[in-house]
Amino acid sequence: MPTAESLTIREPDDWHLHLRDDDMLALTADFSARQFARAIIMPNLVPPVTTIAGAEAYRERILRVLPAGRSFTPLMTAYLTDQIDAEEVGSGHERGVFTACKLYPAGATTNSDAGVTDIRNIQPVLERMQAIGMPLLVHGEVTSPDIDIFDREAVFLEQVLAPTLRDFPELKVVLEHITTEDSVQFVQEAGTNLAATITPHHLRIDRNALFEGGMRPHAYCLPVAKRRHHRTALRRAAVSGSPKFFLGTDSAPHPRHEKESACGCAGIFCAPAALESYALTFDEEGALDKLEGFASEFGPRFYGLPLNDGTVTLQRESYEMPETVTGGGLSVVPFHAGETLTWRAAPRGEL
Ligand code: DOR
Ligand code: ZN
């Protein structure tokens, strides 16, 4: 079979993205905006985004740092807390400000201290979300220190997600950044109201990447990468053509010195070559024809949003990913740093 030299697909969206604020926002936002028409923006700022006014102000700050002429739609999310006001969240969705709500179990990951301590504390919000068709985006890990870190996602399915789906059978739920075969199977077997996102890095690394010749903080994210057979299951799901699995990069930049420290933070900055990284994986799987559905169709269909009209073209081309991305006094190490990539996406839109 001849190998394709270029691939044109409908413009994609990123259904899970951290853009941060201030200098980090200014440094990182256009890496995503030049590849994706829309992105679901994570609300785990300090303090988190919990109000309509907070989300509107953050959306403005995002748009302000983009180059003039770049069209990009940030889709804002509300950070669920034990005290979150169902009315604020519900009316924020009805007014088109909040696309979805994000559930961080308290203590599960970066800036999750204000998260939900027990899912029972947010029942009224879930009722309201189910009634109005507002999606719940889930960081699916239990937080008990007694549960092994490599088991936290699987235990979450059983202890939190299954009962929640039983109690709210119509609630739209996205299980974010899945890392296990258990999650793939759980999502496949659930109703059409449950879908999952898969990151570029979980399709490429397994847990050995964290210890290759020494400790590798830039391969550390949460949920942490698992054994190889889990990666294999994620790859199969991504290229399966099932509309239940779609693109969400979880690009999560941290300053280099905060990753390379005695207590390095979780997060992989994959935005600089996110689409290219997915293309590399789909190419390796002999499934480039499945990239468009995964990147550009299944996400908007699940969210009930229109598909994008434009296209983006990827060319087969070799180039090296820099060791760092710098600006505004910050230095961030990207996913694939120092590696040769084989696909390059043309930037979106005229500038
Ligand atoms: O690795 C991660 N980084 N996982 C998350 O869930 C949060 C993210 C971040 O905000 O840095
Ligand atoms: Zn995330």
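Start at 1 and go down the list; that is how both ligands and their atoms are numbered.
Under a cut-off of 6.0 angstrom, the local environment of CZ in R120 is sparse, with at most 12 non-hydrogen atoms contributed by other residues, nucleotides or ligands. At most 12 heavy atoms of other shown residues, nucleotides or ligands fall within 6.0 angstrom of atom CZ in R236.
With T99 contributing its side chain and T77 its backbone, the two residues share no donor-acceptor pair below 3.5 Å.
Y79 is not connected to L175 by any chain of hydrophobic side-chain contacts under 4.5 Å among Ile, Leu, Val, Met, Phe, Trp and Tyr, and they are in different clusters.
Interface of H139 with ligand 1, defined as ligand atoms under 4.0 Å from a residue heavy atom, comprises 6 (O). Interface of A252 with ligand 1, defined as ligand atoms under 4.0 Å from a residue heavy atom, comprises 3 (N), 8 (C), 9 (C), 11 (O). In summary, the atoms of ligand 1 found under 4.0 Å from a heavy atom of G267, numbered by their order in the structure, are 1 (O), 2 (C), 3 (N).
The single protein non-hydrogen atom nearest to atom 4 (N) of ligand 1 is L222 O, 2.8 Å, given as residue, atom name and distance. Looking at atom 3 (N) of ligand 1, its nearest protein heavy atom turns out to be A266 O, 3.1 Å.
Taking the Zn ion (ligand 2) as reference, the nearest N/O/S atom within D250 carries the name OD1. Minimum-distance N/O/S atom of H16 relative to the Zn ion (ligand 2): NE2.
Coordination check, H18 versus the Zn ion (ligand 2): passed, since an N/O/S atom of the residue sits under 2.8 Å.
For ligand 1, the polar-atom distance check finds no N/O of C221 at less than 3.5 Å from any of the ligand's N/O atoms. Checked by distance only, ligand 1 and R20 come closer than 3.5 Å through their nitrogen or oxygen atoms.
Nearest to atom 5 (C) of ligand 1 by heavy-atom distance, out of V224, T110, T109, N111, is T109.
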What's the verdict on side chain to side chain donor-acceptor pair (under 3.5 Å) for E276 and H336, showing C-alpha distance, side-chain angles and the deciding distance?
CA-CA 10 Å; E276 290 89 342; H336 290 292; over 6 Å; no
Stepwise, does the ring pair (Phe, Tyr, Trp, His ring centres under 6.0 Å) test hold for W15 with Y303?
CA-CA 10 Å; W15 299 96; Y303 276 79; 4.5 Å; yes
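Classification of R256 and E323 as a salt-bridged pair fails, no side-chain N sitting under 4.0 Å from a carboxylate O.
At least one test fails for K290 against the ring of F282: distance under 6.0 Å to the centre or angle within 45° of the axis.
Residue contacts with ligand 1, taken as heavy atom pairs separated by less than 4.0 Å, do not involve I268 at all.
Between F31 and F269, the ring planes lie perpendicular to each other; the angle is over 60°, past the 30° to 60° tilted range.
Put simply, part of H254 is less than 4.0 Å from ligand 1, judged by heavy atoms.
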